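Step one of this worksheet: look at the structure below.
Convention: sequence-line order gives letters A, B, ...; per-chain numbering from 1. Keep in mind it's a predicted model, so treat the numbers as computed, not measured.
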Amino acid sequence: MSSSDDVLKSLVSHAKEYGFVFPSSEIYDGLSATYDYGPYGVDLKNNIKAYWWKAMVQIHTNLVGLDSAIFMHPTTWKASGHVDAFNDPLIDNKDSKKRYRADVLIEEYLEKIRLKIEKEVEKAAQRFGDSFDRDMYLKTNARVLGYAEEMDQVRGKMKAALEAADLESLRQLIVDLGIVCPLSGSKNWTEVRQFNLMFATELGSVSGEASTIYLRPETAQGSYVNFLNVQKSARMKIPFGIAQIGKAFRNEIIARQFIFRMREFEQMEMQFFVRPGTEMEWFEYWKNFRIKWHSVLGLGSQNYRFHDHIKLAHYANAATDIEFNFPMGFKELEGIHSRTDFDLKAHETFSGRKQQYFDPELQESYIPYVVETAIGLDRMFLAVMSASYTEEKLEDGSERTLLALPRWLAPVKLAILPLLKKDGLPELALDIFKKLRLDYTCQYDEKDAIGKRYRRQDAIGTPYCITIDHQSLEDGMVTLRDRDSMSQERIPIQDLKGWLHQRLDMSVLLEQLT
RNA sequence: GCGGGAGUAGCUCAGCUGGCUAGAGCAUUAGCCUUCCAAGCUAAGGGUCGCGGGUUCGAAUCCCGUCUCCCGCUCCA
């Protein structure tokens with residue numbers, strides 16, 4: 001075990017113990033790669049979302065929001081390419097341990113029959129010489145007709161099984177045909193399993209093909225199919241963008257590394273529609289803006305790097321990842337893609353509805369090009385947690401566990417602590433607590449020694465503690481204790497709001513982006 | 001799917017050559033003490049020792065099966 005594994009392990013433990021992330025369905029032994037967000041986790045997550053939403057939708061006048069449904073018309077995924085690209089029925093041979101595509105095995109079988117027909121034809125051609133009529137022979141020879149008949153039957157069965165996603169029949173077909181593994185020569189097959197990126201479920205109570213529906217594997221398509229709705233209803237002019245935060249689902253073959261790769265996850269995506277030919281300028285703009293969004297949080301610039309794609313997906317003409325230095329190493333945190341007009345064009349074809357924008361400056365209509373920014377919310381959560389989590393050794397030899405979260409994102413912003421649980425200190429502290437909780441998430445704590453309470457707040461990343469002592473009763477001043485430096489300063493109670501505003505309000509952070 | 005590792009309290013673990021009502025530290029709760037940085041005092045709560053079966057007078061411990069999680073490989077935006 002390397003130390004990076006230990007870091008991740010400690011982080012997982014800490015996240016569970018302090019109510020950030022729990023393994024899902026834990027009382028039933030858990031569910032692989034599925035996690036629940038606890039009381040502090042959900043606040044941290046919500047704060048990340050708020051930061052993203054404000055930075056994107058609120059401060060960009062050319063961005064608007066959308067919250068489209070997780071269910072979408074099945075044709076959506078045909079148009080996007082997801083159905084065809086990730087729909088392989090796979091079967092394993094138990095002896096050779098080799099994995100095959102079931103349909104390919106059957107295709108190869110069909111090819112063998114076809115070769116047999118060819119052989120018959122060749123033989124006949126030799127027999128009949130120049131008078132040989134190939135077409136006539138194919139239509140009349142009993143043996144050839146038998147082969148052809150078998151091919152038709154097999155092909156029909158395979159097609160039916162594939163279209164109905166009937167894996168049992170597909171396997172039965174392989175068994176019935178006596179197909180053997182090219183390597184081991186055995187017929188010792190496993191079940192046929194569908195490796196599909198998308199989760200299928202059924203809409204309505206009547207089962208059958210027509211009601212098969214998918215849980216969306218990305219939120220982007222919701223923005224594409226609503227492109228014209230949004231453009232018209234919000235009176236948007238190109239260039240403009242649609243932002244969306246929401247859950248997405250992918251049937252990853254391996255889903256691991258804590259919340260880094262989950263089958264159910266949340267995305268923060270933005271689709272920016274531009275005039276064709278201008279996409280690279282906007283690609284650059286969003287690339288710069290997105291890295292700025294990350295850097296002002298202060299997780300450390302050395303933890304980020306760009307990774308430009310050399311091999312591009314079918315829909316893209318430029319792509320880069322923002323990678324983050326996770327405990328497992330640098331991994332993709334966010335993707336910025338120039339997706340061309342691939343998606344809108346496909347939807348126009350499949351739906352038969354024009355997906356075009358009339359550009360008043362050019363006096364012409366076109367399908368816009370799209371620049372996408374897509375960040376994994378759970379990955380961002382993990383990035384924030386892992387960069388913030390530290391086990392400190394203090395000068396006096398003691399240790400403390402510190403979650404140095406960016407203070408705007410901290411689930412609890414303030415802890416209000418009476419130094420002693422008597423002499424009227426709790427009363428004043430509660431008084432302050434009740435006022436501050438209107439603006440910030442606060443905790444009131446009067447239990448245990450003051451040092452212990454500070455450490456408790458350090459563990460959940462509370463940036464500031466406000467301590468009320470006897471002197472506070474006389475001079476109206478309180479102690480503000482800083483989480484990271486542990487330094488203290490006295491400030492008047494009436495100055496608290498202004499002091500806190502400068503340090504905690506997101507508007508101050510957003511200002512750095514403009 | 002293959003290989004490796006691991007399942008005992010909320011967390012980290014001990015116990016595992018079979019044998020008292022299954023433990024420790026931290027955490028939690030209640031109270032005490034304390035005027036500013038954990039490990040002060042008292043008490044309490046919390047565990048079907050992953051699950052099932054077997055061997056035995058007796059199983060957390062031995063045997064068999066099974067499930068789950070983690071890591072690597074395979075696969076893969």
Side-chain angles (χ1 to χ4, degrees), chain A residues 1-2 4-6 8-19 22-35 38 81-82 85-86 88 90-94 96-99 101 190-191 193 195-197 217-218 248 250-258 261 267 307 309 311-316 319 321 328 331-332 334-335 337 374 376 392-402 415 417-423 425 447-459 465-474 478-483 485-490:
Chain A
M1 285 287 135
S2 67
S4 66
D5 288 326
D6 295 340
L8 188 58
K9 267 187 154 179
S10 313
L11 187 61
V12 172
S13 294
H14 189 85
K16 184 190 171 190
E17 185 165 7
Y18 288 92
F22 306 131
S24 165
S25 316
E26 200 188 10
I27 64 168
Y28 293 108
D29 286 331
L31 185 64
S32 178
T34 312
Y35 292 90
H82 286 86
F86 304 97
D88 302 337
L90 299 178
I91 189 166
D92 294 0
N93 183 271
K94 289 180 188 167
S96 66
K97 312 237 179 273
K98 220 30 199 147
R99 180 170 291 167
R101 276 181 55 171
T190 62
E191 298 300 296
R193 289 174 304 167
F195 276 70
N196 192 331
L197 168 93
E218 61 176 23
R250 287 183 201 173
N251 230 336
E252 305 284 354
I253 294 175
I254 49 157
R256 265 180 207 169
Q257 285 163 326
F258 196 36
R261 180 174 286 120
Q267 298 182 306
H307 172 249
H309 288 215
K311 211 180 90 190
L312 297 168
H314 58 282
Y315 53 72
D321 292 340
M328 316 81 75
K331 301 261 185 176
E332 178 181 352
E334 173 159 5
H337 299 163
E392 276 189 351
K393 258 217 147 54
L394 303 179
E395 284 176 9
D396 61 0
S398 66
E399 292 176 5
R400 75 163 177 158
T401 303
L402 173 65
L417 316 169
L419 191 58
L420 295 178
K421 195 171 37 174
K422 59 179 184 186
D423 304 333
L425 301 186
K447 168 81 179 146
D448 292 318
I450 189 69
K452 219 169 191 174
R453 282 179 274 167
Y454 286 150
R455 297 301 167 89
R456 265 207 287 271
Q457 296 301 329
D458 290 340
C465 292
I466 297 171
T467 306
I468 290 85
D469 58 18
H470 289 90
Q471 209 186 321
S472 307
L473 298 173
E474 291 158 25
V478 292
T479 304
L480 260 155
R481 181 263 194 183
D482 180 83
R483 175 195 64 197
S485 65
M486 298 193 287
S487 63
Q488 308 185 343
E489 61 178 296
R490 299 282 289 180

Inset, instruction - Select one nucleotide: of C36(B), G10(B), A77(B), the one nearest the side-chain heavy atoms of K16(A). - result: G10(B)
Inset, instruction - Could I get the full list of ring pair (Phe, Tyr, Trp, His ring centres under 6.0 Å) partners for H470(A), not counting sequence neighbours? - result: none
Inset, instruction - Please measure how far the C1' atom in U34(B) lies from the corresponding atom in A24(B), and state the result in whole Å. - result: 28 Å
Legend entry - Distance, P atom - from A44(B) to C69(B), rounded to whole angstrom: 38 Å
Legend entry - Position toward the 5' end of RNA chain B (nearest nucleotide), A319(A) or D482(A): D482(A)
Inset, instruction - Provide the distance between the two P atoms, one in C33(B) and one in U42(B), to the nearest whole Å. - result: 15 Å
Inset, instruction - Report the distance from atom NE2 of H337(A) to atom CG of D321(A), rounding to the nearest 0.5 Å. - result: 5.5 Å
Inset, instruction - State the CD-CD distance between E218(A) and Q267(A), to the nearest 0.5 angstrom. - result: 6.5 Å
What's touching nucleotides 26-30 of chain B from the protein side, N or O pairs under 3.5 Å?
| from | atom 1 | to | atom 2 | distance (Å) |
| --- | --- | --- | --- | --- |
| U28(B) | OP1 | R456(A) | NH1 | 3.0 |

Inset, instruction - With heavy atoms under 4.0 Å as the rule, sort R455(A) into base, sugar-phosphate or nothing. - result: base
Legend entry - G-U wobble or Watson-Crick pairing nucleotide for U48(B) (cut-off 3.5 Å, both distances): none
Inset, instruction - Figure out the CG/C1' separation between L8(A) and C70(B), and round it to whole Å. - result: 10 Å
Inset, instruction - Identify whether any heavy atom of I450(A) sits under 4.0 Å from a base atom; if not, whether one sits that close to sugar-phosphate; answer base, sugar-phosphate or nothing. - result: sugar-phosphate
Inset, instruction - Report the residue (D321(A) or D458(A)) whose heavy-atom-nearest nucleotide on RNA chain B is the more 5′ of the two. - result: D458(A)
Inset, instruction - Indicate, yes or no, whether a donor-acceptor pair under 3.5 Å links the base of C37(B) to the side chain of R481(A). - result: yes
Inset, instruction - Take atom C1' in G18(B) and the same atom in G54(B), then report the distance between them in whole Å. - result: 15 Å
Legend entry - Side chain proximity check, L11(A) to K16(A), heavy atoms < 4.5 angstrom: no
Inset, instruction - Using atom CG of D469(A) as one end and atom C1' of C37(B) as the other, report the distance to the nearest whole Å. - result: 14 Å
Inset, instruction - Find the distance R261(A):CZ to C70(B):P and express it as a whole number of Å. - result: 13 Å
Legend entry - G-U wobble or Watson-Crick pairing nucleotide for C37(B) (cut-off 3.5 Å, both distances): none
Inset, instruction - Grab the CG-P distance between L402(A) and C37(B) for me, whole Å please. - result: 17 Å
Inset, instruction - For R490(A), answer base if it contacts any base atom (sugar-phosphate contacts may also be present), sugar-phosphate if it contacts only those atoms, and nothing otherwise; contact means non-hydrogen atoms under 4.0 Å. - result: base
Inset, instruction - Under 4.0 Å between any heavy atoms, over every strand shown, what does H307(A) touch: base, sugar-phosphate, or nothing? Just pick one. - result: nothing
Legend entry - C1'-based separation of A59(B) from G53(B) [nearest Å]: 13 Å
Inset, instruction - For nucleotides C63(B) and U56(B), find the distance between their C1' atoms and express it as a whole number of Å. - result: 12 Å
Legend entry - Length of the NZ-P vector between K422(A) and U35(B), whole Å: 7 Å
Inset, instruction - Measure the shortest side-chain to side-chain distance between R453(A) and P418(A) over non-hydrogen atoms and say whether it is less than 4.5 angstrom. - result: yes
Legend entry - Nearest-neighbour nucleotide for the Y35(A) side chain, G31(B), C70(B), C36(B) considered: C70(B)
Legend entry - With sequence neighbours excluded, residues passing side-chain hydrogen bond (donor to acceptor under 3.5 Å, both in side chains) with K331(A): none
Legend entry - Which nucleotide in C36(B), G72(B), A77(B) has an atom nearest any side-chain atom of Q257(A): G72(B)
Inset, instruction - Identify, with sequence neighbours excluded, every residue that meets salt bridge (Lys or Arg N to Asp or Glu O under 4.0 Å) alongside D423(A). - result: none
Inset, instruction - Measure from CD1 on I466(A) to C1' on C36(B) and round the result to the nearest Å. - result: 15 Å
Inset, instruction - Find the partner of U61(B): check Watson-Crick (N1-N3 plus N6-O4 or O6-N4) and G-U wobble (N1-O2, O6-N3) distances, both under 3.5 Å, and reply none if neither fits. - result: none
Inset, instruction - Using a 4.0 Å heavy-atom cut-off across all strands, classify S13(A) as base, sugar-phosphate, or nothing. - result: sugar-phosphate
Legend entry - Qualifying residues under salt bridge (Lys or Arg N to Asp or Glu O under 4.0 Å), relative to E392(A), sequence neighbours excluded: R400(A)
Legend entry - Complementary nucleotide of C20(B), counting Watson-Crick and G-U pairs under 3.5 Å: none
Legend entry - C26(B) pairs with, by Watson-Crick or G-U criteria that keep both distances under 3.5 Å: G10(B)
Inset, instruction - Please report, rounded to the nearest Å, how far the P atom of A39(B) is from the CD atom of E392(A). - result: 18 Å
Legend entry - Any donor-acceptor N/O pair under 3.5 Å between A77(B) base and H82(A) side chain: no
Inset, instruction - Provide the distance between the two C1' atoms, one in U17(B) and one in C26(B), to the nearest whole Å. - result: 31 Å
Legend entry - Euclidean distance for C1', C57(B) against A14(B) (whole angstrom): 28 Å
Inset, instruction - Answer with base, sugar-phosphate or nothing: what part of the nucleic acid does Q488(A) contact at a heavy-atom distance below 4.0 Å? - result: base
Legend entry - Residues which pass ring pair (Phe, Tyr, Trp, His ring centres under 6.0 Å) with Y454(A), listed by chain and number, not counting sequence neighbours: none
Inset, instruction - Please state how far atom CD in E218(A) lies from atom P in A77(B), giving the value in whole angstrom units. - result: 14 Å
Legend entry - Value rounded to 0.5 Å, distance of OG1 in T467(A) from CG in L419(A): 7.0 Å
Inset, instruction - Determine which nucleotide pairs with C73(B), using a 3.5 Å limit on both distances of a Watson-Crick or G-U wobble pair. - result: G1(B)
